[in-house]
Amino acid sequence: MEQAEDLSQYPLELTGKNVPMVRFKKVAKRYGSLTVLEHLDLDVAEGEMVTIIGPSGSGKTTVLRTLMTLERINEGVIYVDGKPLTHMEKDGKLVPASQKYLRAMRSKIGMCFQHFNLFPHMTALENCMEGPVHVLGIPRKQARERSEELLEMVGMADKRDQHPSRLSGGQQQRVAIARALAMRPKVMLFDEVTSALDPEVIGEVTNVIRRLVSDYNLTMLMVTHQMGFARDISDRVCFFYRGRIEEQAPPSELFGDPKSDRTRQFLSAVKEAV
Amino acid sequence: MADWDWDFTWEILPRLLAATVNTLLAAGIGYIIAMFLGLAFALAQRTPSNTLTMAVREAVEFIRSTPLVLQIFFVFYVGPEFGVVLSPWVAGMIAIGLHYAAYLSEVYRGGLENVPQGQWEAATSLNLSTARTYFRIIIPQALPPSIAGMGNYLVGIFKDTPVLSVIGVAELMQTANSIGSENYRYLEPYTMVGIIFLLISLPSAALLRSFDAWVRRKLGMN
């Protein structure tokens, strides 16, 4: 049996100046005896673009999945926008979040997946409208206009009435980005969004993400294997190794002058692969 | 060797056709019960409650491993010993509905498990409610691959309705038996029953195939 954690060490909410948009506080995630995240501390400021790189199995994707509440954490607390995400306040104490509380908090976060995960029985436009109409309760006409604008922004306006099976991988991923944005999240998560794409269409997706960085004040967390893109676009790059952050720095520093041997090894291995 | 008697055939045809209506009714009612009960069985096996999952799992296994005729006898003859007295029709519909619910629940279960995990995750990331996720996202995708199996069991339940004659439901088989024993002629009534079953089964199977194709097209799954 796992020993119950003393939650009183964590604040009920984050206050003061410079409250981060996302905070991982001593977060541990285990699958049986396998530890995926080992007491992770990570802050992401509002409007910041943080990229996570590292070898497979280092826990990169788990960071995003726990933040999207697709996986529960075993220890620690995640805060979003100053309030706890994985826990909630009850009688002045933190307790594990209820489904209802999770639903309320989850609305601040959007996610794009490696395999797009568009709903195959709906058109591009219907995919984008599903959440706004049925979760946010926005009137159909308004949701439609907003979804059309977003599809326009990702360059998919002319394909709005197509089902995903008629779209290329790059096109599907752009629709998926529009679908996530339609929920008006404060934090966007990109989980290896170009890994399943043919090389020649990667650019159309990265260009959309570049545009989000320049035009929107979104907080973004991205897991990627594309080092060049990470270098161009990130405010900060975190190198993950065995469930911990081995090194984090602005991209010019991390890629140009890595401090850790492990970071250096990883970067040179990646360079050879290309 | 008995010779085929056309006059006798025409004479008994109206009675057989009237009984056909009962057969179709029995198959239809039984199937509707099976469809809803089967979905309940399938969804019950996906709840977080382990006890419920195990109980339903065992019940489905039990029903699938015992003969339909035994289940019909059980509901009709053993029920009264516990104070549950049912008419042949009601007992028959309960038994055959339950029997096919067990089979349909397996079809649904396969269909539900077929939907990629990513669809659940996308629904969660869009914050869709559990009900909305099931009825708008998951079930529409689980259905098309299930339709072929569901169609097989629709034809199956139709062909199993003669078993209801054992408790005296006045369907096609029971009527043919009566005609036979009243007239000491079995060739014509049983042959006609066979032809009637054939005439309904064959087009139904074809119809179900085109329905399957239509649903897939409608949902953009091709």
Side-chain angles (χ1 to χ4, degrees), chain A residues 61 64-65 67-71 99-100 102-124 126-137 161-167 172 175-185 187-191 196, chain B residues 39 42-44 46-50 52-53 107-151 208 210-222:
Chain A
T61 288
L64 303 192
R65 293 176 59 82
L67 190 49
M68 192 65 255
T69 70
L70 298 175
E71 318 247 2
Q99 281 304 319
K100 192 177 163 208
L102 278 181
R103 273 180 65 78
M105 286 299 290
R106 206 150 43 203
S107 63
K108 297 174 191 284
I109 308 162
M111 183 162 179
C112 294
F113 302 87
Q114 182 178 353
H115 296 289
F116 334 126
N117 300 351
L118 290 177
F119 303 133
H121 54 304
M122 300 183 193
T123 64
E126 286 166 346
N127 263 280
C128 294
M129 288 173 63
E130 177 67 22
V133 172
H134 295 284
V135 178
L136 304 180
D161 295 323
Q162 299 286 352
H163 283 92
S165 58
R166 306 291 296 271
L167 304 176
Q172 288 189 55
V175 173
I177 293 172
R179 176 175 75 172
L181 290 174
M183 296 299 284
R184 300 177 182 277
V187 183
M188 272 288 280
L189 311 176
F190 297 98
D191 185 15
Chain B
L39 186 61
L43 293 180
R46 301 182 65 90
T47 58
S49 160
N50 269 330
L52 184 63
T53 301
V107 173
Y108 293 141
R109 209 164 63 94
L112 289 170
E113 279 168 9
N114 223 359
V115 178
Q117 186 60 25
Q119 293 292 306
W120 292 93
E121 294 179 354
T124 303
S125 74
L126 292 177
N127 226 346
L128 301 181
S129 68
T130 308
R132 186 87 196 157
T133 302
Y134 264 110
F135 289 103
R136 182 69 178 122
I137 308 299
I138 304 301
I139 291 178
Q141 295 183 63
L143 214 55
S146 303
I147 285 175
M150 289 174 72
L208 285 163
S210 26
F211 178 65
D212 187 15
W214 179 79
V215 170
R216 281 166 189 274
R217 208 167 46 243
K218 193 84 184 157
L219 297 175
M221 302 288 243
N222 279 338

Judged by atom type as modelled, is there a donor-acceptor pair below 3.5 Å linking the side chain of A/H121 to the main-chain atoms of B/R136?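 Indeed, once roles are kept as given, a pair shorter than 3.5 Å links the two residues.
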Quick one: closest heavy-atom pair of B/Q119 and A/P120, and the distance?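 Scanning both residues completely, I find the closest heavy atoms to be OE1-CD, 3.5 Å.
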Ignoring hydrogens, what is the shortest heavy-atom contact between B/N127 and A/V135? Give both atom names and the distance. O-CG2, 3.5 Å
Region of [X] that comes under 4.5 Å of a non-hydrogen atom in chain B:
| X | value |
| --- | --- |
| A/F113 | side chain |
| A/L136 | neither |
| A/L70 | side chain |
| A/R179 | both |
| A/H115 | neither |

Would you compute the distance between atom [atom1] of [X] and atom [atom2] of [Y] and round it to the nearest 0.5 angstrom?
| X | Y | atom1 | atom2 | answer |
| --- | --- | --- | --- | --- |
| B/I137 | A/E130 | CD1 | CD | 4.5 Å |
| A/R65 | B/T124 | CZ | OG1 | 9.5 Å |
| B/L126 | A/N117 | CG | CG | 10.0 Å |
| A/H134 | B/T133 | NE2 | OG1 | 11.5 Å |
| B/Q141 | A/M122 | CD | CE | 8.0 Å |

Counting heavy-atom pairs under 4.5 Å to chain A, which of B/A123, B/P116, B/S129 comes out on top?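 Between B/A123, B/P116, B/S129, the count favours B/S129.
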Who among A/R103, A/Q99, A/M111 has the most heavy-atom pairs with chain B under 4.5 Å?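 With the most close heavy-atom pairs to chain B, the winner is A/R103.
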